[in-house]
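Below, chain A is the first sequence line, B the second, and so on; all start at residue 1.
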Amino acid sequence: MNDTTTPGADFIRDIIAQDLAERLNGGRLHTRFPPEPNGYLHIGHAKSICLNFGVAAEHPGGLCNLRFDDTNPEKEDVEYVDSIQEDVRWLGFDWEERIYYASDYFPSLCRFAEALILAGKAYVCDLSAAEMRDYRGTLTEPGRESPYRERTVEENLDLFRRMRAGEFPDGSRVLRARIDMASPNMNMRDPALYRIRRVTHHRTGDDWVIYPTYDFAHGLSDALEGITHSLCTLEFEDHRPLYDWFLDNLEVPARPRQIEFSRLSLEYTVMSKRKLNALVRAGVVRGWDDPRMPTISGLRRRGFTPESIRQFCRLIGISKSPNRVEYALLENCLRTDLDARAPRAMAVLNPLRVVIVNFPEDRVEELTAPAHPQNEAMGTRRLFFTREILIEQEDFRESASKEYKRLVLGGEVRLRNGYVIRCLEAVKSDAGEVIALRCEYDPATLNVNPVGRKVRGVIHWVSASRCVVGEVRLYAPLFHVPEPDALKGEIAEQVNPDSMTVLADCHLEPGLADPRRDFAYQFERLGYFFRDPDSTPEHPVFNRAVSLRDTWAKIEKQQAGAG
RNA sequence: UGGCGGAUCGUCUAAUGGCAGGAUAGAGGAUUCUGACUCCUCCAGUCUAGGUUCGAGUCCUAGUCCGCCAGCCA
């Protein structure tokens, strides 16, 4: 897939181009992707990754760091650190040697804190969390100044050092910036800079009992790394004055600029790590990488390609507008990518037995089919035609209007990559259901259309004896409403109970016994399918990443609605 | 009754005072050994009301609606 179609300039790229033109920061461009390692990355993070790494790659000398914003050990874990790196790499981005951790800056941050204390711009506050909330005021009323706000520099320095030395219990004191308790911006009402937490950190162990807050750590980490453009989502807009306040009041080596954009919302799914975590914990999905999850690992397991996700991020663009992107757009990106590249195969999901009465019982005929109908370079594959074959149950009707382009009693269809067959008889059970078909084949129709008559259509099939039996999992959206965030109550109780359908008696063409593990196949007429890691050599398991566009299903639905 | 931000086809997104364009979805058609892909055609939009201007999606004024903010989360 061509990654460069529709470059899609946006307001952030415009700002950056202008900054570069004005030789701001000496003409340097340096961004960063700053995840907190407290969960798996999702498609919303992909948007940020594509922006940050993308914008850096577009300019000569542009760089993008990977930085873990690991300032809250209570929620963080190395499991997430590892998965995040894997996901960013898989998406196709490279931070080279520039992998950083906010926790690496804890000593520097401490020095910054002391500098603020020395300047009379930070103080140790003994208010409890509840008292602090009370003193903070409300959205419409100013807050009140803490009784500890006027401590001397010496006292503050002493207290802060003793906080760090572990002399005080958890939560008993915080270091606060001394700004303005009457600010209409709540973030400026003497925000907390450091809190006491005796929690083992996944990188620094028990070295620290005080940890910096996001606001204090983030902008200063940016400055320490020489970041020029700090791109983040809209909910941090209110934090920008504070971000700038730290840069203005401390001696920092660089002057990064924070720019905010809208986070991604996708129809029929949730995006908050809290909610995704709840789904995992409640067991309604099989893990962070469940193919129904909007996580990078879930999309990967489902069969999405990095290219399709990057293309999606390109198409949705970057803006500050509220948005909720249609799920169909994501699916379309995958289809477009896979249509060009996915090898073709045949698989029957709901089998119906067909006996070719004029084909000898012991004969096995080898057929050749292209791996891709529009791309000869992808080569060919071998199929086996036998007296007994399997077709899709829904590809046969005893009678149907001529709009139905499949097999009917007495009618002819072509078996994809094979012969034309005519249905002579439907064999029924005592209950009256069709359990098998008796058909005859026309030996003159291999790679040749019959003369003087037109077949109804083309259906897929597999040999009943020369095939492998496997499992196929079909997926529907995790939620049945386009905006699940608006649902009330426990998120785990709201998931679509039919979000996964397991078909255990699927018959696949022989080549699928040992499928490629890096890429999806197109099962012709059904969609794109990707081998699931639950597969064993004896029992392949495939996930349907996305169906093909299904015009017939749409017609049938309309007719059902009209009738 | 506080602060910050946002509003353009159904959806996402361009247009930086000068032809409202693209993508996707939708409708119709062509083609077809995938009811796929591809190709062609069509439908469809500037939140409201005033104002400035030769000219406004863009600037001004007043509204409306939506989002975020009262963690020692990020």
Side-chain angles (χ1 to χ4, degrees), chain A residues 5-6 8-11 14 34-36 38 69 71-72 74-76 125 127-129 132-134 136-143 170-176 183-189 191-197 210-211 213-215 217-218 232-241 260 262 264 267 273-274 314-329 331-333 335-336 339-340 344 346 369 373-374 403-406 413-418 420 445 447-449 455 457-460 522-527 547-556:
Chain A
T5 48
T6 326
D10 51 68
F11 79 100
D14 288 348
E36 186 191 11
N38 67 343
D69 225 331
T71 57
N72 183 5
E74 286 177 342
K75 297 182 177 175
E76 296 157 8
C125 181
L127 253 25
S128 70
M132 240 177 95
R133 190 182 318 126
D134 187 46
R136 189 158 30 234
T138 69
L139 294 177
T140 51
E141 304 157 43
D170 284 11
S172 59
R173 289 173 223 257
V174 290
L175 182 72
R176 290 226 256 171
S183 171
N185 182 344
M186 301 295 283
N187 295 302
M188 301 300 272
R189 320 243 261 229
L193 270 31
Y194 267 98
R195 67 278 214 191
I196 305 173
R197 283 278 128 61
I210 58 170
Y211 291 98
T213 57
Y214 163 85
D215 282 310
H218 194 86
C232 64
T233 44
L234 245 29
E235 67 269 26
F236 294 104
E237 222 158 11
D238 286 348
H239 295 242
R240 185 165 10 105
E260 312 84 11
S262 295
L264 167 68
E267 280 184 339
K273 278 197 266 189
R274 205 196 88 245
R314 197 171 301 115
L315 291 181
I316 59 175
I318 299 288
S319 75
K320 298 183 76 155
S321 315
N323 65 80
R324 175 155 240 111
V325 177
E326 287 178 340
Y327 198 80
L329 186 66
E331 291 191 322
N332 181 265
C333 291
R335 283 195 195 106
T336 305
D339 175 60
R344 311 286 129 125
M346 290 196 287
Q374 278 92 30
E403 276 183 291
Y404 183 80
K405 291 161 50 174
R406 308 179 188 186
V413 287
R414 174 175 293 283
L415 297 175
R416 174 85 169 147
N417 301 307
V420 169
T445 54
N447 299 318
V448 181
N449 278 333
V455 299
V458 181
I459 63 173
H460 60 275
Q522 186 194 100
F523 290 180
E524 289 187 296
R525 302 212 306 134
L526 295 174
S547 68
L548 255 31
R549 271 179 65 174
D550 193 347
T551 308
W552 172 243
K554 209 154 45 184
I555 293 168
E556 279 205 305

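Of the nucleotides present, rC42(B) is the one that pairs with rG26(B) by Watson-Crick or G-U wobble criteria, both distances under 3.5 Å.
A salt bridge between Glu36(A) and Lys273(A) is absent, with no side-chain N of the basic residue lying under 4.0 Å from a carboxylate O of the acidic one. Residues Arg344(A) and Asp339(A) are paired through a salt bridge, judged by an N-O separation under 4.0 Å between the basic side chain and the carboxylate.
Comparing rU24(B), rU34(B), rC12(B) against the side chain of Asn332(A) picks out rU24(B) as the nearest. In this structure, of rG35(B), rA14(B), rC4(B), it is rC4(B) that holds the atom nearest to the side chain of Glu237(A). The listed nucleotides are rA70(B), rU34(B), rU24(B); the one nearest the side chain of Thr138(A) is rA70(B). Closest approach to the Asp339(A) side chain among rU11(B), rA74(B), rC37(B) is made by rC37(B) (side chain taken as heavy atoms from C-beta onward). Of the listed nucleotides (rA25(B), rU13(B), rG35(B)), rU13(B) has the atom at the smallest distance from the side chain of Asn323(A). The side chain of His239(A) lies closest to rA74(B) when the candidates are rA74(B), rG3(B), rG35(B). Comparing rC72(B), rC33(B), rG26(B) by their closest approach to the side chain of Lys554(A) singles out rG26(B). For Ala129(A), the listed nucleotide lying nearest its side chain is rC72(B); candidates were rC72(B), rG71(B), rC68(B). When distances are taken from the side chain of Asp14(A) to each of rA15(B), rA7(B), rA23(B), the shortest belongs to rA15(B). Closest to the Arg136(A) side chain, of the nucleotides rA74(B), rU11(B), rC72(B), is rC72(B).
Put simply, Arg335(A) has no side-chain N or O that comes within less than 4.0 Å of OP1 or OP2 on rC37(B). Close to rG35(B), at under 4.0 Å from its OP1 or OP2, lies a side-chain N or O of Arg525(A). Here Arg549(A) reaches the OP1 or OP2 of rC37(B): one of its side-chain N or O atoms lies under 4.0 Å away. For rC12(B), the OP1/OP2 oxygens have no side-chain nitrogen or oxygen of Ser321(A) closer than 4.0 Å. For the pair Thr213(A) and rC72(B), the criterion of a side-chain N or O lying under 4.0 Å from OP1 or OP2 is not met.
Among the atoms of the strands shown, base atoms are found under 4.0 Å from some heavy atom of Glu403(A).
Taking only distance into account, the side chain of Asp238(A) meets the base of rG3(B) through a donor-acceptor pair shorter than 3.5 Å. Contact of Arg324(A) with rU11(B) (side chain to base): no donor-acceptor pair of N or O atoms is detected under 3.5 Å.
Under the stacking criterion of a centre-to-centre distance below 5.5 angstrom and an interplanar angle below 30°, Trp552(A) sits stacked against the six-membered ring of rG35(B).
Anti is the glycosidic conformation of rG67(B), whose angle departs from 0 by more than 90°.
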